[in-house]
Amino acid sequence: MDPFGDDTPVYVISVAAQLSGLHPQTLRTYDRLGLVCPGRTAGRGRRYSMRDIVMLREIQRLSQEEGINLSGIKHILELQRDNVRLREELAKAHGALEELANELESTRSVAARLAQQARHGEPAGTPGADLVPIRHTSVVVWRERGTE
């Protein structure tokens, strides 16, 4: 993994201002307003990441090209962050739902097999009569005793 990824705060304010095409005072204002929150050094100096610089450019674009004021831009950025977070939560929920569906299918399969054995009057000790559940992570897997 690249130690200097998009989120690594490496650029001092003068370099970040130059890369974003903004004045350093504008960057300080955006920081105070919470639009872009750069990392800080031990001495409290601002350090901007490439992601911060891309965000600064987007703020500038929304302001200049779209005519959106800073309050509106802040709201847009918050909604975008919420959207990303909700998409991640939805993906987790889909994964959990898929696990539960697999578990349900496994349980239905075992129930059908047990019902078939009961209808045919198969005695205990015949293959499949002594099914026991074995839980792997959060999915139940059914196996016959002695076949583990």
Side-chain angles (χ1 to χ4, degrees), residues 1-119 128-148:
M1 179 176 224
D2 182 9
F4 296 104
D6 285 347
D7 290 324
T8 305
V10 293
Y11 303 103
V12 296
I13 193 165
S14 60
V15 174
Q18 191 173 30
L19 290 171
S20 65
L22 300 170
H23 191 277
Q25 191 57 42
T26 304
L27 274 61
R28 290 183 190 95
T29 299
Y30 289 176
D31 185 9
R32 275 194 302 278
L33 294 173
L35 293 171
V36 175
C37 300
R40 298 288 181 155
T41 64
R44 302 286 298 143
R46 292 173 176 88
R47 291 293 184 271
Y48 291 84
S49 68
M50 186 49 69
R51 186 177 310 276
D52 293 331
I53 291 166
V54 169
M55 184 69 64
L56 289 166
R57 290 176 182 160
E58 177 64 6
I59 292 167
Q60 182 70 356
R61 187 193 69 76
L62 288 170
S63 175
Q64 297 299 313
E65 294 176 21
E66 304 294 331
I68 301 171
N69 65 26
L70 294 180
S71 177
I73 292 171
K74 184 174 183 177
H75 190 64
I76 289 169
L77 297 178
E78 288 169 355
L79 290 173
Q80 287 175 339
R81 280 190 290 271
D82 287 347
N83 190 11
V84 168
R85 182 183 51 78
L86 291 171
R87 284 179 186 271
E88 290 169 355
E89 286 181 23
L90 182 61
K92 287 179 187 176
H94 278 295
L97 180 61
E98 187 173 336
E99 279 189 31
L100 289 172
N102 291 338
E103 187 172 333
L104 177 61
E105 185 59 35
S106 175
T107 302
R108 284 180 176 162
S109 175
V110 170
R113 190 167 175 190
L114 290 174
Q116 180 183 12
Q117 287 176 352
R119 279 193 304 274
D130 294 330
L131 292 175
V132 294
I134 301 172
R135 185 172 285 277
H136 291 284
T137 61
S138 63
V139 176
V140 174
V141 178
W142 294 83
R143 297 194 182 166
E144 294 182 40
R145 288 185 195 204
T147 61
E148 286 94 37

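Worth saying up front: this structure is predicted, and the values here are computed from it rather than measured. When reading the values below, keep in mind they use all heavy atoms of this one structure, side chains included, and skip hydrogens, waters and symmetry mates.
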Short side-chain to backbone donor-acceptor contact, Ser109 and Glu105, under 3.5 Å
no
State the CE-CD1 distance between Met50 and Ile53, to the nearest 0.5 angstrom.
4.5 Å
Please report the closest heavy-atom contact between Leu33 and Lys74, naming both atoms and the distance.
O-NZ, 3.0 Å
May I ask you to check whether over 12 heavy atoms, not counting those of Arg85, lie within 6.0 Å of atom CZ?
yes
Arg32 and Thr29: CA distance, side-chain angles, deciding distance, side chain to side chain contact (heavy atoms under 4.5 Å, CB included) verdict:
CA-CA 5 Å; Arg32 275 194 302 278; Thr29 299; 3.3 Å; yes
Please determine whether the number of non-hydrogen atoms from other residues, nucleotides or ligands lying under 6.0 Å from atom CD of Glu98 exceeds 12.
no
Report, as yes or no, whether the 6.0 Å neighbourhood of atom CZ on Arg81 holds more than 12 heavy atoms from other residues, nucleotides or ligands.
yes
Is it the case that the side chain of Asp82 and the backbone of Leu79 share a donor-acceptor pair, with hydrogens and angles ignored and the cut-off at 3.5 Å?
no
Starting at CG of Leu100, measure out to OG1 of Thr107 and round the result to the nearest 0.5 Å.
10.0 Å
Using side chain to side chain contact (heavy atoms under 4.5 Å, CB included), reason through Arg46 and Asp31 one step at a time and then give a plain yes or no.
CA-CA 9 Å; Arg46 292 173 176 88; Asp31 185 9; 2.7 Å; yes
In Å, rounded to the nearest 0.5 Å, how long is the span from CD1 of Ile76 to CG of Leu62?
5.0 Å
Verify, without hydrogens or angle tests, whether Ser49 (side chain) and Asp6 (backbone) share a donor-acceptor contact under 3.5 angstrom.
yes
Point-to-point distance, once rounded to the nearest 0.5 Å, from CD of Glu65 to CD of Glu58
9.0 Å
Spacing of Leu56 atom CG and Arg61 atom CZ [to the nearest 0.5 Å]:
14.0 Å
Verify, without hydrogens or angle tests, whether Ser106 (side chain) and Asn102 (backbone) share a donor-acceptor contact under 3.5 angstrom.
no
Search all heavy atoms of Leu70 against all heavy atoms of Tyr30 and return the closest pair with its distance.
CD2-CE2, 3.7 Å
Quick one, Leu86 with Glu89, criterion side chain to side chain contact (heavy atoms under 4.5 Å, CB included). Give me CA distance, side-chain angles, the key distance, then yes/no.
CA-CA 5 Å; Leu86 291 171; Glu89 286 181 23; 4.1 Å; yes
Check the pair Arg47 / Val10 against side chain to side chain contact (heavy atoms under 4.5 Å, CB included), numbers first and verdict last.
CA-CA 5 Å; Arg47 291 293 184 271; Val10 293; over 6 Å; no
Report the distance from atom CG of Leu35 to atom CG of Asp52, rounding to the nearest 0.5 Å.
11.5 Å
For the side chain of Ser63 and the backbone of Ile59, is there at least one donor-acceptor N/O pair under 3.5 Å apart?
no
Taking Arg57 for its side chain and Leu19 for its backbone only, find out whether a donor-acceptor pair lies under 3.5 Å.
yes
